[in-house]
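Just below is one structure, and these are the notes that go with it.
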Amino acid sequence: MTSLDDLPLRDDLRGKKPYGAPQAHVRVELNVNENTHPVPDEVVADIVARVSQSLITINRYPDREFSPLRAALAAYLGHGLNAGNIWAANGSNEVIQHLLQAFGGPGRSVLGFPPTYSMYPLLASGTGTTWLTAQRDSDFVISAQTARQAVAVAQPSLTFFCAPNNPTGTPVELEAIAAAYDETDGIVFVDEAYIEFAPEGTLSALTLLPGRPRLVVSRTMSKAFAFAGARVGYLAADPAVIDALRLVRLPYHLSALTQAAAEGALAHADLMLSMVKDIRVQRDRIVTELERMGFTPYPSQANFVLFGNVTDPHQVFERLLAQGIIIRDVGIPHHLRVTAGTEAETSELLDAIAQLAPR
Ligand SMILES: *Cc1c(COP(=O)(O)O)cnc(C)c1O
């Protein structure tokens, strides 16, 4: 068999590892921050009807501008946005890739604040963009001063904030985002994949968009919206940014089936998001209980909890897996991350951890 080394692969891809969260299908899957509640039956029925309708004209290419979907996403976001401010793709991962293709690339750089979303360096590498990093303050916070200084030192083409941050759950103050914006001529990108899990009344970076044409805010339907399998992510920005992304997307990148399904889900946004409150309750319960057991969970505004003081994360991971529960080793020494699932899944997880020898 031929190995990668034998192929004329790009030099900058040699030795790289693909994204590879384990996809073990076990009873309790709490490893990739999905919404573990299924889509309600009545929404499924509406989506099926819309997808079936779209099949009647599936011999034709889909609406390249996915205009009805962009209008629906703008209406969902509010903040005075309209279809012209919206871009979407097959998951926010593809949205981020478009952003890097348009504004990054060879000779350019993107700045991030680890520990953060593991796909950022991979997407940077795939687009030939140099991945630069800066340190956070204590407890994974990024102060306005830290953000400003990091951007001043790195002079990046793009600056990435993940708010709340994966894998730590830490929010990012709007002041830090605004400070970074003022310090750079590049793109400032805020990944709000988990913002729906933040406390009611939390201000989104969408509120910073007016007057900031280089600011980009992304969302996904994969997490709170319980739609990970459909692959729909989107962003809001100045219409000029959207024009830039049109230069790099593949023609007809969002299939007619995806557009129909996403429009169906958005038509029932309230119902789709109805489990968010319960997930917040389970998340807070995980924090309280893990603390009681002697671990050090970090406060989280997302649908997962990172916790430390784990003597042997690999062993805990394996023991839980043997009981049909999968969580995530994110590679931070003595830490693990777990997604907040249903009440029953959370109970099972907490019981199983409590029964392991204390730490
Ligand atoms: C899960 C996640 C996403 C979502 O990716 P999709 O491609 O939309 O499924 C984006 N950003 C972060 C930080 C995530 O954790």
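One-based numbering, in listed order, for ligands and for the atoms of each. The structure presented is a predicted model; accordingly, all values stated were derived computationally and were not measured.
A heavy-atom separation below 4.0 Å is not found between A228 and ligand 1. Every heavy atom of N33 sits 4.0 Å or more from the atoms of ligand 1. Within the 4.0 Å heavy-atom cutoff, M119 does not count among the residues contacting ligand 1.
For N93, heavy-atom contacts with ligand 1 shorter than 4.0 Å involve the backbone as well as the side chain.
Among protein heavy atoms, atom 15 (O) of ligand 1 sits closest to Y194 OH, 2.6 Å. What sits closest to atom 11 (N) of ligand 1 on the protein, heavy atoms only, is D191 OD2, 2.7 Å.
A donor atom on one side chain and an acceptor atom on the other are found under 3.5 Å apart for S143 and D137.
Y120 and F160 have perpendicular rings, their planes meeting at more than 60° on a 0 to 90° scale where under 30° would count as parallel.
Among F161, F140, W131, the single residue meeting the ring pair (Phe, Tyr, Trp, His ring centres under 6.0 Å) criterion with F113 is F161.
Each of the atoms 6 (P), 7 (O), 8 (O) of ligand 1 lies under 4.0 Å from some heavy atom of G91. Set against the non-hydrogen atoms of K223, the atoms of ligand 1 under 4.0 Å away are 1 (C), 2 (C), 3 (C), 4 (C), 14 (C), 15 (O).
Checking A88, S92, A163 against atom 6 (P) of ligand 1, the nearest heavy atom belongs to S92.
For the pair S255 (side chain) and T258 (backbone), a donor-acceptor distance under 3.5 Å is present.
Annotation: side-chain contact (heavy atoms from CB on, under 4.5 Å) contacts of A88 (sequence neighbours excluded): F66, L73, Y234, L254.
A cation-pi geometry, defined here as NZ or CZ lying under 6.0 Å from the six-membered ring centre and within 45° of its normal, does not hold between R280 and F197.
Taken to the nearest 0.5 Å, the CZ atom of R148 stands 13.0 Å off from the OG1 atom of T184.
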